[in-house]
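Remember, it's 1-based here, ligands and their atoms both numbered in the order they're listed. Residue indices begin at 1 and follow the sequence shown.
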Amino acid sequence: MIELEGLTKRYGEKVAVDNLTFTVRPGIVTGFLGPNGAGKSTTMRMILGLDHPTAGDVRIDGTHYDRLQDPLTYIGALLEAKGVHPGRSAYNHLLWLAQSNGIPERRVREVLGEVGLTAVARKKAKGFSLGMGQRLGIAAALLGDPRILMFDEPVNGLDPEGIHWIRTLMKSLAEQGRTVFVSSHLMSEMALTADHLVVIGQGRLLADTSMAEFIERNSRSYVRVRSPQREALLDALHQAGVTAVDGADGTLEVDGTPAEKIGELAARNGVVLHELSPQQASLEEAFMQLTAESVEYHAHTGAPLPPQQQWGESWRKG
Ligand SMILES: Nc1ncnc2c1ncn2[C@@H]1O[C@H](COP(=O)(O)OP(=O)(O)OP(=O)(O)O)[C@@H](O)[C@H]1O
Ligand SMILES: [Mg+2]
């Protein structure tokens, strides 16, 4: 278990982490989500005692990181996969970590096998691809067989096979009853992996909720309807008390009425339909809405924000 209480970090004027209070629980994967610069890595560094909080507190199973004896056996972390001496082999990198934490050499060979690096174990880390480096970082996190695991953006730069592998690994670690805390700036990735979500923006807590609840509250479903007799269709819908809004390319979007009912209504009124398709809005959009006001680095593409302003709003109130 990881417990944060009013955790705050200031760099001069800049508040990187702002009064965060939440608990990361065992047996599930907790996703730590926020746009670039939200304060995810800073929070993780404070959990590991690599940065000192300006205010507040963070404890690992009730203790501060620097009080843990053989810390790698309590908590394993992948923060920056590049934190490896380039001239050292994968095997030697893991060996010195093991030796400094009272972990037997046998365990080094075990984790190399687990992450699929046995064949290149004696090769120097500087020749490793991004994905291999990421796997080595994960091997280091697993080395002490810790009950708590923390990964900062572990899928960055991985190919689809690597992403699938990490996802499966995190889920199986949680199923073994471990605490798994993983950061990402991609909602789509978290939707497939996390059971619980902690969302931050500009250092502040925006949401602390189960994934199921987040999905339930944020997936707007509607029906997209396309007809060459658009006006006649609008009249028919209107008379039946069904509201439709303009969609893209002349389509109509209908909330809260099943496709069957719309189809029957059209048939009764002799209106021809070219499309009648139930749609599910993406969680990525819901996440963007939730964090919209707290995004630091906007791209100046001129692209409009998604229209579903109300999700983020209703979500925050609820
Ligand atoms: N050592 C530092 N000195 C000054 N400012 C810092 C320092 N470390 C982080 N910051 C600032 O604190 C904020 C949070 O940064 P952090 O790296 O924690 O964000 P993040 O959520 O991990 O972002 P990303 O998704 O890009 O990894 C940023 O505005 C960053 O510029
Ligand atoms: Mg980061």
* Working for side chain to side chain contact (heavy atoms under 4.5 Å, CB included), residues Asp255 and Thr243 -> CA-CA 7 Å; Asp255 267 328; Thr243 13; over 6 Å; no
* Go through Glu253 and Thr251 one step at a time and tell me if the side chain to side chain donor-acceptor pair (under 3.5 Å) criterion holds. => CA-CA 7 Å; Glu253 292 180 1; Thr251 59; 5.1 Å; no
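The Mg ion (ligand 2) has no N, O or S atom of Thr42 closer than 2.8 Å.
Atom 20 (P) of ligand 1 has its nearest heavy-atom neighbour, among Lys40, Glu13, Arg45, in Lys40.
Between Gly34 and ligand 1, no N or O atom pair is found at a separation short of 3.5 Å. An N or O contact shorter than 3.5 Å is missing between Thr43 and ligand 1 by distance. Residue contacts with ligand 1: Ala16 is placed with no nitrogen or oxygen under 3.5 Å of a nitrogen or oxygen of the ligand (distance criterion only).
Those atoms of ligand 1 that come under 4.0 Å of a heavy atom in Glu153, given as number and element, are 25 (O). Short contacts between ligand 1 and Thr42, defined as distances under 4.0 Å to a heavy atom of the residue, involve ligand atoms 9 (C), 14 (C), 15 (O), 16 (P), 18 (O). Atom numbering of ligand 1 starts at 1 in the shown order; those under 4.0 Å from a heavy atom of Ser41 are 17 (O), 18 (O), 20 (P), 22 (O), 27 (O).
Counting non-hydrogen atoms of neighbouring residues, nucleotides and ligands closer than 6.0 angstrom, the CZ atom of Arg88 exceeds 12 such neighbours. Other residues, nucleotides and ligands contribute more than 12 heavy atoms inside 6.0 Å of the NE2 atom of His64. For Asp249, the CG atom is loosely surrounded, since the number of other residues' heavy atoms within 6.0 Å does not exceed 12.
Distance OG1/Thr42 to CD1/Ile47: 11.0 Å, rounded to 0.5 Å.
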